[in-house]
4 protein chains.
Amino acid sequence: MIFHRVKSEGTAHNSYLVGSGNEAVVIDPRRDCRVYMDLAKQNGMKITMIFETHRNEDYVIGSVELQHLTGAEIFHGEGLDWRYGTIVKDGTPFSFGDYWITAISTPGHTDESMSYVLLDSPTTGAAMMVFTGDALFVNDTGRIDFYGPDEAQRLAGNLYDSIHKRILPLGDQVILCPGHGAGSVCGSNISDRDESTIGIEKIRNPWLQIQDRDEFTRLKVAEKPEYPPYFRIMEKYNLEGPPLLGDLPFPAPLSPEEFKEKMDAGAVVVDTGLPTVFGGAHVKGAYSVILESLSVYGGWVVPYDRPILLVPEKVDDVEEAVRYLVRSGYDRIEGYLHGGTEGWYNHGYPVEKLPLVSVHELKRKLDSGEDIFVLDVRDENEWRSGHIEGSENIYFGHLEAYLDAVPRNRPVALICSVGHRAGLAGSILLRAGFENATNVLGGYSAWVTAGFPIEITKG
Amino acid sequence: MIFHRVKSEGTAHNSYLVGSGNEAVVIDPRRDCRVYMDLAKQNGMKITMIFETHRNEDYVIGSVELQHLTGAEIFHGEGLDWRYGTIVKDGTPFSFGDYWITAISTPGHTDESMSYVLLDSPTTGAAMMVFTGDALFVNDTGRIDFYGPDEAQRLAGNLYDSIHKRILPLGDQVILCPGHGAGSVCGSNISDRDESTIGIEKIRNPWLQIQDRDEFTRLKVAEKPEYPPYFRIMEKYNLEGPPLLGDLPFPAPLSPEEFKEKMDAGAVVVDTGLPTVFGGAHVKGAYSVILESLSVYGGWVVPYDRPILLVPEKVDDVEEAVRYLVRSGYDRIEGYLHGGTEGWYNHGYPVEKLPLVSVHELKRKLDSGEDIFVLDVRDENEWRSGHIEGSENIYFGHLEAYLDAVPRNRPVALICSVGHRAGLAGSILLRAGFENATNVLGGYSAWVTAGFPIEITKG
Amino acid sequence: MIFHRVKSEGTAHNSYLVGSGNEAVVIDPRRDCRVYMDLAKQNGMKITMIFETHRNEDYVIGSVELQHLTGAEIFHGEGLDWRYGTIVKDGTPFSFGDYWITAISTPGHTDESMSYVLLDSPTTGAAMMVFTGDALFVNDTGRIDFYGPDEAQRLAGNLYDSIHKRILPLGDQVILCPGHGAGSVCGSNISDRDESTIGIEKIRNPWLQIQDRDEFTRLKVAEKPEYPPYFRIMEKYNLEGPPLLGDLPFPAPLSPEEFKEKMDAGAVVVDTGLPTVFGGAHVKGAYSVILESLSVYGGWVVPYDRPILLVPEKVDDVEEAVRYLVRSGYDRIEGYLHGGTEGWYNHGYPVEKLPLVSVHELKRKLDSGEDIFVLDVRDENEWRSGHIEGSENIYFGHLEAYLDAVPRNRPVALICSVGHRAGLAGSILLRAGFENATNVLGGYSAWVTAGFPIEITKG
Amino acid sequence: MIFHRVKSEGTAHNSYLVGSGNEAVVIDPRRDCRVYMDLAKQNGMKITMIFETHRNEDYVIGSVELQHLTGAEIFHGEGLDWRYGTIVKDGTPFSFGDYWITAISTPGHTDESMSYVLLDSPTTGAAMMVFTGDALFVNDTGRIDFYGPDEAQRLAGNLYDSIHKRILPLGDQVILCPGHGAGSVCGSNISDRDESTIGIEKIRNPWLQIQDRDEFTRLKVAEKPEYPPYFRIMEKYNLEGPPLLGDLPFPAPLSPEEFKEKMDAGAVVVDTGLPTVFGGAHVKGAYSVILESLSVYGGWVVPYDRPILLVPEKVDDVEEAVRYLVRSGYDRIEGYLHGGTEGWYNHGYPVEKLPLVSVHELKRKLDSGEDIFVLDVRDENEWRSGHIEGSENIYFGHLEAYLDAVPRNRPVALICSVGHRAGLAGSILLRAGFENATNVLGGYSAWVTAGFPIEITKG
């Protein structure tokens with residue numbers, strides 16, 4: 001038997017390929033799906049089945065793409081008006097090589113959510129692995145807010161039941177294979193350790209320490225994760241089957257002149273460099289979204305109906321940027337700036353800066369009474385759990401809608417956890433004509449490390 | 001400026017990518033053309049133009065495929081009813097980055113043949129490189145037999161003129177970039193050295209030592225290269241634009257049962273192992289075509305209208321086999337034998353052997369008067385220049401049509417240069433029910449090395 | 001946390017790298033140990049500790065080599081006169097990044113055997129992983145025969161206790177990380193599935209179904225695994241610290257003349273091709289050891305005090321062959337045959353064959369009364385559990401010592417499980433001047449698949 | 001025949017591997033020389049000879065290292081007290097495979113300089129390639145300033161003779177293989193095209209347009225290239241044979257605490273990020289040397305007797321940085337900052353900035369009468385050929401020695417060609433306590449592109 005966990009950075013999405021004999025199955029493939037083909041090839045296998053744990057909402061599923069390449073059959077749970085694939089019922093076993101996959105219904109995150117159990121026999125209870133999608137993560141559990149507040153209570157209860165009545169009873173020995181790892185927007189406390197078992201979770205996962213269904217439900221409902229606008233598009237794609245991608249697009253290298261021309265014609269510009277790079281100098285008008293965050297933060301600001309232009313730090317970053325973007329359904333990537341920002345300003349085209357300020361400088365200025373508007377762009381949960389006294393909170397994803405709440409005549413110090421979202425927020429302000437924004441280097445975590453005072457909002 | 005020679009084994013085809021600034025051009029791309037994209041990407045370039053030296057006949061041109069991926073424009077010479085691309089006239093210059101390509105008409109190999117000259121200016125005579133397609137090779141010149149015997153004289157004369165009036169006058173300093181390297185069916189004496197210049201050729205190329213047009217013509221016409229049946233298909237493809245390939249097909253690993261089923265349904269089986277492997281044991285009914293020869297020897301026996309099954313020595317060989325096959329227009333590769341010949345006979349399915357005999361054994365047997373039918377399957381030119389006394393000559397590519405000329409009641413010793421074509425010939429005989437064939441290990445070259453007597457046929 | 005299982009083909013040895021923060025630890029590194037460096041580099045980590053589960057006997061441990069490269073500290077169990085590293089006591093915890101490794105003493109396979117438990121705290125019982133070395137495998141348990149028959153009983157009892165009192169009590173949730181995978185000479189029934197947990201083993205491992213210490217001991221003692229001569233050398237190396245390897249040696253490509261010269265001067269020749277390749281034609285005098293078996297079968301016949309020459313099927317095989325050999329302590333690899341067997345016979349040098357016979361042919365011949373000496377070269381356990389009626393059994397590893405038991409005047413049909421060991425046995429007979437040996441294609445497994453009668457020896 | 005040009009970024013050093021049969025030779029190998037081994041391996045060859053064109057001064061030669069790995073013999077010219085290798089005389093031929101290398105004496109750059117001619121025969125004049133070291137480049141010629149002003153005249157004359165009497169007579173057809181490509185400190189006008197021939201040079205190389213020996217000499221002597229201090233060390237290394245490198249060192253990832261500790265103990269810190277990155281925020285006290293310039297600019301400021309610490313932009317940059325450093329003989333690379341500058345300031349350690357100013361801003365400020373000290377840190381030749389009016393010129397490499405010439409009470413705008421050397425100069429000023437330095441983005445080239453006025457110094 002072969003087993004591969006395929007991790008997709010950015011979305012922190014985990015997919016899996018399991019093979020035996022000359023057959024392999026894939027659970028929750030990503031859209032740039034050649035990786036599964038390559039694994040199958042190297043092992044002399046063909047991919048025969050694709051299992052979806054649910055209609056994913058934070059990335060474009062690659063099932064249809066992979067089916068197109070391999071002819072494999074697609075399976076998913078019931079309750080949605082799927083336009084592709086086959087619905088699988090609770091308890092259905094599927095065989096490949098010497099192993100079996102049995103589907104179990106685990107609603108909660110969504111109603112149609114399925115988990116898939118790996119066994120070495122169709123009938124025994126000796127489960128070996130379980131692919132839980134967004135039901136149970138390492139150290140965390142799935143979100144239950146996707147159907148809106150009215151349904152949250154019901155979903156949270158369902159999730160409790162799915163975990164306690166379907167997943168945990170599989171046994172402590174079962175290896176846990178969830179749909180996301182650390183960094184996902186689908187779970188804020190997922191561990192950076194990928195290896196776990198049901199038994200380890202029972203000991204270590206904070207949610208599994210709650211033995212009361214009502215308490216579990218209450219706490220799940222109290223979670224208020226952000227809901228990015230691109231989720232709706234992912235849901236549509238994943239219900240209907242997204243457009244076929246074929247080859248990974250490769251945006252053309254554009255000379256500064258060509259780049260400028262496309263900008264002027266309405267393309268949106270995304271600079272994928274770190275805040276320090278972006279802060280020093282960047283193409284005027286660009287959004288600042290670091291490479292690793294393109295799939296996640298990018299979806300808050302990058303429109304789906306305009307061509308995208310990239311400003312990479314290095315040519316090598318372009319392919320990775322493209323992967324992140326197509327995983328979020330952005331297919332119109334028209335080019336990248338040949339020679340980067342350096343080529344741009346060498347041509348005398350306009351650059352802007354987003355000055356950086358250290359927490360020490362910020363503290364000094366605040367102490368000396370400078371009238372700084374400290375804008376914390378983390379989400380509400382983060383903000384409540386600790387922030388600089390006197391700071392305001394607008395989530396970076398909502399900033400374009402709340403520009404009026406930001407003063408134009410005062411210096412604005414943008415702060416997030418380390419500086420990435422603050423950089424994006426800064427680029428939003430620059431695009432809106434703000435002239436006094438700075439990015440707090442190291443963000444709230446450097447503030448805390450420096451031992452400066454914080455304020456906690458009880459809620 | 002960047003310059004890359006992309007060599008395709010099997011067809012011994014050379015293609016080229018040249019880039020400057022953010023633009024690159026490709027000369028005579030192959031069909032599995034991602035390699036050019038990757039080179040362009042790594043160098044921050046986009047491919048803007050594709051130049052074809054002529055309607056190639058020994059491989060499927062990748063221009064249409066590459067255009068599909070990149071949007072580049074395709075150019076080729078006039079005189080054919082091309083269904084794609086743009087016709088370029090003698091003398092037309094094309095600019096990219098800091099360089100220029102100028103087309104010059106160099107008929108001879110075919111009427112529409114163009115060469116392309118690389119310069120650093122549109123007007124100067126300071127040529128730097130020339131892409132000659134099948135006009136001038138390192139150490140050899142192009143074939144002139146494609147229009148039939150009636151036209152050979154005319155084409156040979158044209159070739160002489162193209163070389164002497166168009167190519168050589170570019171200057172000794174010009175770097176030569178021909179369409180083929182050693183091992184091509186388009187030139188039997190091409191050097192295994194890729195680096196050359198016009199000046200080096202003037203000193204070393206035997207054809208350029210002939211200063212008399214009539215003598216050159218006479219000798220070219222006297223060449224009698226074999227004309228494989230697949231050439232006609234390549235020509236059709238390359239005139240009309242071949243079917244789009246998209247992803248390189250990856251044949252499925254088939255269990256012996258699945259493989260057997262497809263064989264029984266009419267698929268043709270190709271074993272890509274070396275003669276020693278094939279000789280030891282192979283799937284009964286398979287053709288023996290070693291990996292490197294799939295594009296070239298394969299085209300003589302593998303039909304275009306039946307699915308193909310592969311028996312690779314190793315899983316890693318499958319991708320290479322597929323590349324060779326699609327370069328020759330074989331797109332219906334349905335699977336390969338999982339576990340190889342070993343898996344096959346472990347399942348108890350029928351194998352056959354093609355016993356190997358060393359030249360020493362063969363000599364001993366012939367000396368002792370054994371009634372062996374020594375069948376030399378090299379081409380007529382090779383045979384005439386030296387062979388075992390008493391041997392018969394049937395080119396392996398014609399063997400299926402001349403089976404009646406081979407005795408069924410005598411031992412048959414198959415010989416070629418080293419054993420590859422003899423292996424293929426042996427597989428043809430086995431398929432036809434011959435029971436006494438052997439492959440002479442090391443072939444004619446081992447015979448000569450051993451110092452055994454040979455016979456030369458004057459022509 | 002990062003976790004990597006590094007599998008070494010041939011020895012089927014598993015080693016592990018676990019990292020957290022900027023520190024990584026390695027368990028049981030192999031000798032060609034750059035792989036751990038590369039993993040550490042890619043993850044921005046330094047290797048600080050190396051843990052040995054025991055003095056391995058089937059491969060050269062890479063601890064000293066890796067220490068030389070990284071400066072990491074080496075730890076192993078007590079009871080041996082180690083010439084390197086530091087002895088670790090039962091219960092000692094080691095911290096790296098956010099995790100801990102705690103050593104537990106698990107004698108049985110050997111007296112100094114340790115297991116290492118991964119935890120996220122120095123004090124809790126929440127074990128996450130356990131590195132068991134040769135105590136507990138997926139589906140099997142370690143050998144207890146290394147101290148000789150007098151000690152076997154005691155060791156088996158210790159092993160039972162180590163498993164039941166130290167390893168299983170860690171909990172069903174613990175992920176199992178043993179020292180070997182399928183194909184190891186250290187356990188004949190190890191699963192080809194690498195993923196397991198203590199809980200899965202409790203359900204599926206046949207040895208854990210035995211709840212009686214005496215019964216377990218009796219059955220362990222009854223196992224009679226073969227003991228290859230190279231084990232003694234590995235033990236010495238691993239006690240004293242093997243010679244530093246530095247760069248992986250790369251044997252020179254030798255022309256047939258150079259190769260011949262070194263052969264004549266006493267070098268031993270190893271052909272790494274498959275039996276079908278070797279059978280067709282091979283360098284006279286070569287041993288037949290397929291690539292994947294070099295570490296394991298090679299150790300029975302290849303001497304440590306003579307230079308080694310390789311005959312690879314492909315140039316690419318050379319590096320892999322070298323890895324296998326150095327893992328078994330063979331450092332004197334002087335060259336390989338450039339051009340392979342084909343180059344050899346093209347030069348007219350002497351080749352030999354080892355004819356192949358299918359099980360169908362063999363059956364026919366036996367049925368027709370041919371006086372064939374069927375020699376089964378599998379080990380005694382395999383032979384007892386089923387063999388061709390009338391066959392004799394000499395383990396291939398003992399064949400050179402028992403040549404007198406093989407008749408020189410009768411055809412000898414060599415058989416093993418699929419043909420690899422029979423090929424090696426055949427090469428031994430050819431070297432000893434036998435002229436009538438054949439290799440049974442597909443071996444005993446093809447015989448069984450064909451439905452031919454077998455005989456079982458009760459023991 | 002195989003031919004590979006191995007380009008080493010940074011030093012813009014070209015080395016070459018040429019092979020035929022099973023033998024290969026290397027010309028001017030670099031110190032991290034596994035690349036040649038790998039090429040030889042892939043082609044089934046062994047490296048038998050190493051040719052040095054001269055005692056290189058701008059990088060550490062890899063001959064001794066490669067000899068250690070392969071046993072190949074080393075050859076170089078006469079006139080130096082070499083501590084390794086064998087002296088080769090003018091006209092000596094060496095054979096490998098089907099080809100020959102003949103040495104010809106081509107003094108000028110240095111007295112012992114040799115060129116090596118590739119031929120297919122020991123006696124003919126049909127030269128195919130020539131390896132010219134630092135005698136003749138594509139578009140340029142070698143430096144003649146290494147023996148000091150007193151010898152320059154003599155060397156320049158020798159160089160003229162070597163080119164005109166030894167190299168050019170080889171023939172227009174000869175492919176030129178020089179020791180450096182574009183970007184080398186050994187020739188400021190080397191073309192970015194690597195492919196050339198003697199004939200192309202005769203048409204295009206400006207130095208070959210000068211037919212008068214005296215005029216050539218006069219112009220060569222008038223060239224005043226900078227002479228970095230590390231050249232002396234390279235010369236010593238390359239005369240005596242540098243220390244063996246063995247494995248490429250891999251510096252440990254250091255936590256901010258560990259990094260700080262080593263800094264405090266005297267290690268020198270090098271930030272390899274782009275000026276925009278460095279400008280935004282960097283470890284206080286670091287030198288700014290971008291990755292690609294480590295070998296070249298680094299040698300002006302980085303001491304040989306102190307440990308080196310790196311601040312890379314990405315972990316992947318570390319290996320490349322190490323290659324650049326060891327090529328210049330820096331072997332004491334003790335670690336790199338884990339988590340980069342971001343990790344550093346997240347820990348609250350002190351950062352500094354080097355503000356960036358665009359040419360437009362600078363122009364505006366100068367026009368408005370701001371008292372800015374514009375310091376141009378390019379070399380004298382660059383400065384003379386055009387600079388901002390009123391700017392001062394101190395080569396960045398001399399800046400540490402001339403700090404007194406820079407005012408501490410005025411804003412300093414540092415300018416070079418694009419910003420890399422100005423960034424390094426800025427880091428020098430910051431280390432020296434200057435507080436008002438800025439880096440002019442895009443440098444002189446952006447200034448010119450913007451159409452701002454310049455001043456040319458005749459002389």
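Per chain, numbering begins at 1; letters A, B, ... match sequence-line order. Side-chain atoms are counted along with the backbone in the values below, which use heavy atoms only and exclude waters and symmetry mates.
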* Asked: Within the side chain of B:Asp172, is there an N or O that forms a donor-acceptor pair under 3.5 Å with the backbone of D:Gln173?
  -> no

* Would you mind checking which part of D:Ala182 comes under 4.5 Å of any heavy atom in chain B, side chain (CB onward), backbone (N, CA, C, O), both or neither? => neither

* Asked: So, for D:Arg204 and B:Asp120, which heavy atoms are closest and what is the spacing to 0.1 Å?
  -> NE-OD2, 2.6 Å

* To do: With a 4.5 angstrom heavy-atom cut-off, could you sort out which part of D:Ile200 is near chain B: side chain, backbone, both or neither?
  => both

* To do: Under 4.5 Å heavy-atom distance to chain B, tell me which part of D:Asp98 shows up: side chain, backbone, both or neither.
  => neither

* Structure fact -> Ranked by heavy-atom pairs below 4.5 Å to chain D, first place among B:Ala126, B:Ser20, B:Ala127, B:Ser191 goes to B:Ala126

* Beyond-backbone contact of D:Glu195 with B:Met128, side-chain heavy atoms, under 4.5 angstrom -> no

* In this structure, are over 12 heavy atoms from other groups packed under 6.0 Å from B:Lys7 atom NZ? -> yes

* **Region of D:Ser196 in contact with chain B, defined by heavy-atom distances below 4.5 Å** => backbone

* To do: Select, from D:Asp192, D:Ile2, D:Ile203, the one with the greatest count of heavy-atom pairs under 4.5 Å involving chain B.
  => D:Asp192

* Would you say B:Tyr99 and D:Arg193 make side-chain contact, with heavy atoms under 4.5 Å? -> yes

